[in-house]
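In what follows, a structure is listed as structure tokens, so that the remarks can point back to it.
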Amino acid sequence: MIKIMANRIYLQFIAILFLMHGHVLCGGGFNTQFIASEAKALLQFKHGLKDPSKLLSSWILGNDCCHWKGVGCNTTTGHVISLNLHSSNSIDKLQGHLSSSLLKLPYLSYLNLSGIDFMQSTLPSFLGAMLNLKHLDLSHANFKGSLFDNLGNLSLLESLDLSGNGFYVNSLKWLHGLSSLKVLDLSGVDLSSCKNDWFHDISIRLHSLETLRLSGCRPHKLPKSPQPELNCDSLVTLDLSKNYFNSTIPDWLFENCYHLEYLNLSTNTLQGPIPYSIERLKTLATLDLSHNRLTGSISSILGQFNGQNSLKVLRLSNNQLNGSLETSLHQLSKLVVLDLAQNNLEGNINDAHLANFSNLKVLDLSFNHQVTFNMSKNWIPPFQLETIGLANCHLGPQFPKWIQTQKNFSHIDISNASVFDTVPNWFWDLSPNVEYMNLSTNELKRCGKGFSQKLKLKTLDLSNNNFLCPLPRFPPNLRMLDLSNNSFYGTFSHVCEILDFNNSLEILDVSFNILSGVIPNCWTNGTNMIILNLANNNFIGSIPDSFGSLINLHMLLMYNNDLSGKIPNTLRNCTMMTLLDLQSNRFSGPIPSWIGTDMQILKTLILGRNSFDGNIPISLCQLKSLHILDLSENQLKGEIPRCVFPAMATNESVNEKSYMEFLTIKESLSFYQSKTKYPIPITWEGLDWYFIGGVVGLAKLIDLSSNYLTEGIPVEMAKLVELISLNLSRNQLVGSIPSNIG
Ligand SMILES: *[C@@H]1O[C@H](CO)[C@@H](O)[C@H](O)[C@H]1NC(C)=O
Ligand SMILES: *[C@@H]1O[C@H](CO)[C@@H](O)[C@H](O)[C@H]1NC(C)=O
Ligand SMILES: *[C@@H]1O[C@H](CO)[C@@H](O)[C@H](O)[C@H]1NC(C)=O
Ligand SMILES: *[C@@H]1O[C@H](CO)[C@@H](O)[C@H](O)[C@H]1NC(C)=O
Ligand SMILES: *[C@@H]1O[C@H](CO)[C@@H](O)[C@H](O)[C@H]1NC(C)=O
Ligand SMILES: *[C@@H]1O[C@H](CO)[C@@H](O)[C@H](O)[C@H]1NC(C)=O
Ligand SMILES: *[C@@H]1O[C@H](CO)[C@@H](O)[C@H](O)[C@H]1NC(C)=O
Ligand SMILES: *[C@@H]1O[C@H](CO)[C@@H](O)[C@H](O)[C@H]1NC(C)=O
Ligand SMILES: *[C@@H]1O[C@H](CO)[C@@H](O)[C@H](O)[C@H]1NC(C)=O
Ligand SMILES: *[C@@H]1O[C@H](CO)[C@@H](O)[C@H](O)[C@H]1NC(C)=O
Ligand SMILES: *[C@@H]1O[C@H](CO)[C@@H](O)[C@H](O)[C@H]1NC(C)=O
Ligand SMILES: *[C@@H]1O[C@H](CO)[C@@H](O)[C@H](O)[C@H]1NC(C)=O
């Protein structure tokens, strides 16, 4: 006791001494002089970073640096051995450059700078000299550029995580030096120039690796049979998702790596059946083979999992599996996650099939060939689901009563489920956790008592039903609300009161209803709005000035209403606009010339069937991406601008390489497809495309018919190759048609 006290006093004395000399202390060991240099190195490191939210406020000269946030010391020696500064929240994160002062921390063995923003810098080569490192985590830290071979010097490294940056590498030879490595995550590192060697270099390490993650690395193909015989006994976690593997699933994976607990091969283009050898994986807990082109009958696949008691998560969605679920489903009753969506499965499922699924939390059978839920009237499921995915399944005609037992779901999709019924009052606020609710494409009626204001709902899709009522009050802070194709009626003037969106709303679609009255001037909280679709209602009055607050608006659709007045000048604030469709109203006045100068990325401009007058502004020629121009049936005068819209004069062709990215875009748009009668413009691979009814294509159209346009047809028009439609009829054009118009 006395000795400790004496020690303390001694240490305090030393500390005071150093403070007086303007030195800093790390720890309380004997090498204080030496360790002061470590504190100094840390402060130099801090100096390289901007720290807007003062995360490093404890890093103050004079305080024991072992107590600084994120710094860890060896309690015996006082040396700094770990630095853990991961930033997770996206705002106010640390930002700056990685200082080589870290080299002056010779005992550092754990370095975690995950999530810090290193501003697209390249990986500094000094890291290869930090020879004591055992754990290095630089994931999601906004680095780019090539990885250095000298990483191979870090022979003590046990875990290396460089995922989520913009790295590329031409060779993985340096992995040979990392003889202690157990965990390797290179997800997102571009391995496409590594050729076939990549697998050889990885397999050198495979005999000791426990975790290997190479998601989105695009390496060259998976070998069919690796030479020499592969040893991956110790491998427990393997993630090869989001690559371009298009072979069949190789047998060796299951033959050799039979201790796998986590296997993710999703989002490749793997083909053929799932090999029988998967039976060997007796400890497999998570299997994700979703988003491939796998074939085979579901009953034989599930048969392979019979007796596989460890399996908890099974994702096979988005493949080409077929056959009937009935015979095999019961074999999976230990599962927590069952995702078989988007295959060609069928099945007539009753209470007995799901009787033993007491752990199930995620059930997704959406978008299959023909899955029918034929549950007895008072069925009480053994599970409490968090995800209910039953789109395109046959659940009706009554609203499924068993759903009333589910009180904790965050996601429910029972769209297109043949439910012809009123929505029971108990449904609307059944689960306080619901964030995503899709009831679209049924024949649902009655709005009932409406929503609890406490719901945290983000997405609500009630489109394509028979809802016949005034707009109800919605929960606040929605991000997407789709009410289209119903019979919602009555006033819209209180929309900002019943829909307290407070800058959260991104998509609002009330098209194809029978709403009436004016559109209120209350959109100042709409700065995040991307799509606003008010088409095909009975709206009157003019476009509100406060649409000028919708500065992120990409698409504004107001066609088929009874709107009038001029296009307000405030709309020139909407510089992100790609689609503007105001056709079939009673708008008047000139077509504003700022459309050409301020809405520069406009792809579709449809102002037809209104009463616009004046000239066609020559500034429209500046619309470099314009694909569709419809000004027909107005009172436009003067000449047709003598220009070529560049986007209409180019030949664009599909680039096979980016198929994957394209699929992602397609997915995010697919919910919105077919909601507009015109194609949705998108940019992909730097080109302008159109999304029409589920496919991407090119649409090019000019319709200036039925106006009072005079003068000739400009020769420039002839350059518009591949024009699908050019309609200049019913004008007062004189002169000859240019001879080279195709
Ligand atoms: C601390 O340092 C001592 C002496 O060098 C060493 O034996 C011990 O393993 C170290 N502890 C840690 C946690 O690094
Ligand atoms: C780094 O920190 C993040 C965030 O806490 C954590 O998820 C990750 O596992 C850490 N990395 C290592 C290698 O410990
Ligand atoms: C590290 O590796 C590089 C390249 O592999 C080598 O040239 C260098 O001498 C090694 N040693 C150190 C301490 O960087
Ligand atoms: C797999 O992809 C490669 C390169 O992208 C291609 O040459 C090959 O034809 C594809 N194989 C199959 C079976 O689709
Ligand atoms: C598999 O990988 C994909 C893509 O990286 C990811 O989205 C998915 O969550 C992973 N699956 C599991 C079960 O972890
Ligand atoms: C399943 O698909 C395969 C082709 O992938 C086909 O040969 C087989 O007949 C299909 N089976 C059923 C039950 O539809
Ligand atoms: C459900 O479990 C019980 C008890 O383990 C068993 O007797 C029954 O056969 C199982 N039902 C199905 C459909 O597998
Ligand atoms: C639903 O199940 C009942 C028995 O529970 C059966 O009589 C009926 O035919 C089934 N309906 C369908 C469509 O399979
Ligand atoms: C609804 O589901 C049926 C099959 O159950 C399918 O044929 C149809 O295309 C689906 N409709 C929509 C709009 O998805
Ligand atoms: C409810 O769901 C949430 C996730 O959405 C989960 O964290 C929680 O444990 C669940 N509660 C119950 C009682 O199942
Ligand atoms: C915009 O949001 C603020 C803060 O939530 C609120 O006070 C204001 O009433 C809203 N404005 C409109 C027009 O809804
Ligand atoms: C136009 O946008 C700016 C912000 O970019 C905003 O301050 C201004 O109020 C907007 N104008 C109108 C009329 O909404």
Side-chain angles (χ1 to χ4, degrees), residues 26-31 34-35 38 66 71-84 105-111 132-135 156 158 322 325 336-337 341-349 357-374 381-397 405-420 430-444 455-458 461-465 482 484-486 512 667 669-675 693-694:
C26 258
F30 299 107
N31 283 322
F34 186 66
I35 294 167
E38 297 187 13
C66 291
V71 178
C73 295
N74 183 321
T75 45
T76 318
T77 64
H79 287 295
V80 174
I81 54 171
S82 72
L83 187 53
N84 187 356
L105 302 172
Y107 296 89
L108 196 67
S109 75
Y110 178 99
L111 180 58
N132 266 320
L133 278 185
K134 287 188 176 152
H135 302 276
L156 299 182
E158 290 168 23
N322 63 9
L325 279 169
V336 177
V337 174
Q342 307 205 50
N343 282 288
N344 297 319
L345 305 174
E346 46 192 47
N348 195 342
I349 294 167
F357 279 81
S358 49
N359 301 322
L360 200 63
K361 294 211 177 305
V362 174
L363 174 64
D364 200 341
L365 303 175
S366 299
F367 305 110
N368 273 292
H369 178 56
Q370 197 161 39
V371 175
T372 302
F373 263 56
N374 186 11
F383 44 69
Q384 276 294 332
L385 296 178
E386 288 167 19
T387 294
I388 303 177
L390 297 172
N392 279 26
C393 295
H394 201 289
L395 303 182
T405 64
Q406 304 298 301
K407 300 215 157 80
N408 192 35
F409 53 84
S410 58
H411 178 112
I412 184 166
D413 188 347
I414 54 169
S415 62
N416 193 21
S418 315
V419 185
F420 311 121
L430 186 56
S431 167
N433 291 334
V434 64
E435 292 185 3
Y436 178 97
M437 186 187 282
N438 189 346
L439 308 184
S440 68
T441 319
N442 286 291
E443 284 184 33
L444 298 171
L455 292 186
K456 288 167 277 178
L457 209 53
K458 294 200 174 87
D461 190 345
L462 303 179
S463 64
N464 297 317
N465 278 294
D482 190 346
S484 62
N485 269 312
N486 278 290
F512 292 84
E667 219 158 83
L669 276 172
S670 60
F671 78 96
Y672 198 72
Q673 88 184 72
S674 79
K675 291 262 166 66

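Both ligands and their constituent atoms are indexed starting at 1 by order of listing. These numbers come from a predicted model, not from an experiment. Below, all heavy atoms of this structure are taken into account, side chains as well, without hydrogens, waters or symmetry copies.
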Give the atoms of ligand 10, by number and element, whose distance to some non-hydrogen atom of N433 is under 4.0 Å.
1 (C), 2 (O)
Applying side chain to side chain donor-acceptor pair (under 3.5 Å), run through S415 and D413 and close with a yes or a no.
CA-CA 6 Å; S415 62; D413 188 347; 2.7 Å; yes
If you measure every N or O of S410 against every N or O of ligand 10, does any of those distances drop under 3.5 Å?
no
Considering only heavy atoms, which protein residues lie less than 4.0 Å from any atom of ligand 9?
N392, N416
By salt bridge (charged side-chain N to carboxylate O under 4.0 Å, His left out), which residues pair with K458, not counting sequence neighbours?
E435
Taken to the nearest 0.5 Å, the spacing of L105 CG from I81 CD1 works out to 11.5 Å
Shortest non-hydrogen contact from Y107 to N132?
CA-ND2, 4.3 Å
Not counting sequence neighbours, which residues clear side chain to side chain contact (heavy atoms under 4.5 Å, CB included) with N486? List them please.
N465, F467, F488, N513
Any residue meeting side chain to side chain contact (heavy atoms under 4.5 Å, CB included) with Q370, in chain and number order, not counting sequence neighbours
E346
Quick one about D364 and S366 (side-chain donor to acceptor, distance below 3.5 Å, no hydrogens or angles considered), yes or no?
yes
Less than 4.0 Å is my threshold; does some heavy atom of Q384 fall inside it relative to ligand 10?
no
Could you point out which residue of T441, N438, N464, N392 forms a side chain to side chain donor-acceptor pair (under 3.5 Å) with N416?
N392
Going by the atom numbers of ligand 1, which of them fall below 4.0 Å from some non-hydrogen atom of T77?
2 (O), 4 (C), 5 (O)
